[in-house]
Amino acid sequence: MSVTPYLTHALLPAGTDLTGLGARVARHAGGEVSLRPGDRAGEVAFGGYRFFITLDDGTGEGSELSGLRDVILTVATDDERGQTFGAVLTFGGLSPDPDLDHFNDAALLLDAVEAVCPGAVLFDPQSGGRI
């Protein structure tokens with residue numbers, strides 16, 4: 001079984017400014033961005049290690065927003081379950097990191113999502129738990 005290192009979904013509250021969101025998160029985290037403001041997918045690098053980053057607002061073909069929202073809300077608080085969520089930002093490592101050399105880079109991305117998207121619900125799909 002292949003595991004994507006640091007795979008994280010962030011369920012974003014409705015009304016979150018999605019304009020250039022991936023690039024804003026990557027810059028806030030201090031990574032090198034290969035996303036343009038209109039891009040829905042791209043990469044962010046910390047040194048030689050790269051993470052993918054994608055945004056799903058439910059408008060694209062093959063959107064998984066509805067299914068992800070249902071799964072993530074299973075770990076949300078009652079107050080959060082009463083809110084409306086309109087998008088999911090997902091990121092994860094593009095290569096194995098067995099020695100966890102880039103754990104801090106992933107933590108920087110998590111912190112950036114929380115700073116740029118107040119009220120986001122962060123979810124680890126590999127453990128099935130909230131971050």
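Note that the structure is predicted; figures quoted are calculated from it, not measured. Just the heavy atoms: all of them, side chains too, but no hydrogens, waters or symmetry mates, feed the values below.
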With rounding to the nearest 0.5 angstrom, report the [atom1] to [atom2] distance, [X] to [Y].
{"X": "Leu12", "Y": "Thr84", "atom1": "CG", "atom2": "OG1", "result": "13.0 Å"}
{"X": "Leu94", "Y": "Arg50", "atom1": "CG", "atom2": "CZ", "result": "5.0 Å"}
{"X": "Asp70", "Y": "Thr74", "atom1": "CG", "atom2": "OG1", "result": "9.0 Å"}
{"X": "Leu89", "Y": "Cys117", "atom1": "CG", "atom2": "SG", "result": "6.5 Å"}
{"X": "Ile53", "Y": "Glu43", "atom1": "CD1", "atom2": "CD", "result": "11.0 Å"}

Are the side chain of [X] and the backbone of [Y] linked by a donor-acceptor contact shorter than 3.5 Å?
{"X": "Asp124", "Y": "Gly128", "answer": "no"}
{"X": "Asp99", "Y": "Asp101", "answer": "no"}
{"X": "Ser63", "Y": "Gly60", "answer": "no"}
{"X": "Thr77", "Y": "Glu80", "answer": "yes"}
{"X": "Gln126", "Y": "Thr4", "answer": "yes"}
{"X": "Arg81", "Y": "Ala76", "answer": "yes"}

### Task
Could you give me the CA-CA distance, side-chain angles and deciding distance for Asp17 and Arg24, then say whether side chain to side chain contact (heavy atoms under 4.5 Å, CB included) is met?
CA-CA 10 Å; Asp17 180 7; Arg24 288 188 289 130; 3.8 Å; yes
For residues [X] and [Y]: do they belong to one hydrophobic cluster (side chain heavy atoms under 4.5 Å, members Ile, Leu, Val, Met, Phe, Trp, Tyr)?
{"X": "Phe103", "Y": "Leu122", "value": "yes"}
{"X": "Leu7", "Y": "Leu108", "value": "no"}
{"X": "Val33", "Y": "Tyr49", "value": "yes"}

### Message
If you apply the rule side chain to side chain contact (heavy atoms under 4.5 Å, CB included), what do you find for Thr90 with Asp56, and how did you get there?
### Response
CA-CA 8 Å; Thr90 300; Asp56 182 350; over 6 Å; no
### Summary
Grouping ILVMFWY residues whenever side-chain heavy atoms fall under 4.5 Å, the cluster of Leu73 otherwise contains Leu11, Leu65, Leu68, Val71, Ile72, Val75, Phe85, Val88, Val121, Phe123
### Query
Quick one: does Phe51's side chain get under 4.5 Å of Leu109's, heavy atoms only?
yes
### Query
With a 4.5 Å heavy-atom cut-off, do Thr16 and Leu18 have their side chains touching?
yes
### Query
Do Tyr6 and Asp105 pass the side-chain hydrogen bond (donor to acceptor under 3.5 Å, both in side chains) test, and can you show the C-alpha distance, the side-chain angles, and the key distance before you say yes or no?
CA-CA 10 Å; Tyr6 313 115; Asp105 300 331; over 6 Å; no
### Query
Do Glu32 and Arg27 pass the salt bridge (charged side-chain N to carboxylate O under 4.0 Å, His left out) test, and can you show the C-alpha distance, the side-chain angles, and the key distance before you say yes or no?
CA-CA 7 Å; Glu32 298 171 30; Arg27 278 193 301 274; over 6 Å; no
### Pairing of Glu64 and Arg69 as salt bridge, 4.0 angstrom limit
no
### Task
Return the minimal non-hydrogen interatomic distance between Pro96 and Pro5, and the atom names on each side.
CA-CG, 4.1 Å
### Residues which pass salt bridge (charged side-chain N to carboxylate O under 4.0 Å, His left out) with Asp57, listed by chain and number, not counting sequence neighbours
Arg40
